[in-house]
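Read the structure below first, then the notes.
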Amino acid sequence: MDGDSDDDDRPQLSAHTLAALQEFMIEQAVQAEQEAAPEMAAMPQEDWQLSQFWYTEETALKLAEEAIAAAGEGGRIACISCPTLYKKLIDLAGERTWTAVILEYDKRFKKFGNEFLFYDYNDPLNLPKDFAHAFDIVVADPPFLNEECLEKTCRTIRYMAKEKILLCTGAIMEKKAAELLNARPISFKPQHSKQLNNPFLCFTNYETLKLK
């Protein structure tokens with residue numbers, strides 16, 4: 001008996017059976033991914049105790065498109081206290097070359113993995129050293145409409161931003177936005193899924209590409 005006899009005795013799958021097996025394995029992998037997706041995709045419910053008010057889908061999309069355009073090819077985007085924007089960026093990821101991080105007090109957003117960083121605006125510079133002036137655009141939506149919260153959040157923004165800043169906050173903060181960030185209001189007005197009494201504006205320190 002020659003040296004190949006043991007291999008010849010092994011059961012062999014036909015080409016048709018092998019193709020069917022491969023197709024089944026692919027279907028199983030896709031199904032597992034789809035079953036895992038809802039948990040990752042679902043946004044937690046707003047927690048008003050944390051002053052959380054989610055953007056509408058249209059607002060989240062518009063802000064995400066602006067952030068991607070402003071960051072540019074291979075750019076880095078930081079989302080400070082605006083998880084609905086970060087979630088929309090993930091939805092649009094596709095073949096992305098840009099990267100994004102979410103800085104958020106609510107630890108439910110740890111589900112986003114290593115792109116999540118716990119953030120407390122009361123400790124505004126408790127940040128990784130490699131975040132210093134490392135982001136092509138920083139988008140922030142401070143959780144509270146008061147000067148203390150804005151001032152502390154702005155310390156974080158200035159630490160992280162290379163240059164471009166997009167701030168979403170109450171219209172009453174216009175003077176402080178100009179003073180702290182040299183940011184001016186644009187015509188686009190962010191909307192929230194729950195109607196708020198306070199009018200909100202977007203402020204930027206650069207010429208926007210997608211928002212007007």
Side-chain angles (χ1 to χ4, degrees), residues 40 43-44 46-47 49-55 59-60 63-93 96-170 173 176-184 190 200-206 208 211:
M40 184 64 178
M43 279 290 291
E46 295 163 312
D47 185 343
Q49 297 300 315
L50 296 177
S51 191
Q52 291 178 338
F53 304 97
W54 297 161
Y55 297 138
T59 290
L63 292 175
E65 290 174 340
E66 174 61 31
I68 292 169
E73 190 80 8
R76 299 183 73 188
I77 302 168
C79 304
I80 301 175
S81 304
C82 44
T84 38
L85 166 59
Y86 177 79
K87 172 59 172 57
K88 182 55 65 176
L89 286 169
I90 296 305
D91 291 345
L92 299 176
R96 63 170 169 166
T97 60
W98 47 270
T99 58
V101 297
I102 171 66
L103 282 71
E104 174 58 50
Y105 185 83
D106 187 345
K107 292 184 179 180
R108 290 179 297 172
F109 291 94
K110 289 177 69 175
K111 68 192 296 181
F112 291 120
N114 58 13
E115 292 187 345
F116 166 86
L117 179 71
F118 174 76
Y119 172 72
D120 184 348
Y121 76 86
N122 288 302
D123 194 3
L125 297 182
N126 184 16
L127 302 164
K129 290 183 179 179
D130 61 0
F131 274 22
H133 309 299
F135 292 86
D136 296 279
I137 182 167
V138 175
V139 186
D141 190 336
F144 300 101
L145 282 180
N146 61 58
E147 291 189 2
E148 179 191 12
C149 181
L150 180 60
E151 287 169 358
K152 290 179 177 179
T153 302
C154 284
R155 293 183 67 190
T156 305
I157 294 170
R158 291 193 299 266
Y159 179 85
M160 296 178 64
K162 290 181 180 179
E163 180 181 1
K164 296 175 183 175
I165 293 165
L166 199 165
L167 174 70
C168 297
T169 190
M173 293 297 168
K176 295 299 290 186
E179 175 188 323
L180 296 168
L181 299 172
N182 193 30
R184 300 291 188 271
F200 271 68
L201 295 175
C202 284
F203 303 86
T204 70
N205 67 342
Y206 70 98
T208 54
L211 298 178

Which pairs with one or both residues in residues 65-84 pass ring pair (Phe, Tyr, Trp, His ring centres under 6.0 Å), sequence neighbours excluded? none
Mark yes when over 12 heavy atoms from residues, nucleotides or ligands other than E179 sit less than 6.0 Å from its CD; otherwise mark no. yes
Apply the test side chain to side chain contact (heavy atoms under 4.5 Å, CB included) to residues C168 and L63: give CA-CA distance (whole Å), side-chain angles for both, the deciding distance (0.1 Å), then the verdict. CA-CA 10 Å; C168 297; L63 292 175; 4.1 Å; yes
Looking only at atom types and distance, does a side-chain atom of D136 sit under 3.5 Å from a main-chain N or O of R76, one as donor and one as acceptor? yes
Quick one: does H133's side chain have a donor or acceptor within less than 3.5 Å of a partner on K162's backbone? no
I'd like to check I68 versus I77 (side-chain heavy atoms, cut-off strictly below 4.5 Å). Are they in contact? yes
Would you say that more than 12 heavy atoms from the other residues, nucleotides or ligands in this model lie under 6.0 Å from the CZ of R184, or not? yes
Are T156 and Y119 close enough that a side-chain donor and a side-chain acceptor fall under 3.5 Å? yes
Do the side chains of F118 and K107 get nearer than 4.5 Å, heavy atoms only? yes
For the pair R158 (side chain) and L180 (backbone), establish whether a donor and an acceptor sit closer than 3.5 Å, ignoring hydrogens and angles. yes
What's the spacing between L150 CG and E147 CD if we round to 0.5 Å? 8.0 Å
Not counting sequence neighbours, list each pair that qualifies as a ring pair (Phe, Tyr, Trp, His ring centres under 6.0 Å) and has a residue in residues 64-89. Y86-F112
With the side chain counted from C-beta on, respond yes when P83 and L85 share a heavy-atom pair under 4.5 Å apart, and no when they do not. no
Has the side chain of T59 got a donor or acceptor atom that lies under 3.5 Å from a matching backbone atom of Y55? no
Return all side-chain donor-acceptor pairs below 3.5 angstrom for residues 124-132, not counting sequence neighbours, or 'none' if the list is empty.
from : atom 1 : to   : atom 2 : distance (Å)
N126 : ND2    : D123 : OD2    : 3.4

Ignoring hydrogens, what is the shortest heavy-atom contact between I137 and A67? Give both atom names and the distance. CG2-O, 3.7 Å
Would you call L181 and K176 a side-chain contact if the rule is heavy atoms closer than 4.5 Å? no
Test side chain to side chain contact (heavy atoms under 4.5 Å, CB included) on V138 and C79 and set out the steps. CA-CA 6 Å; V138 175; C79 304; over 6 Å; no
With a 3.5 Å cut-off and no angle check, do the side chains of K152 and N122 form a donor-acceptor pair? yes
Which atom names give the shortest non-hydrogen contact between K164 and A70, and what distance separates them? NZ-O, 2.9 Å
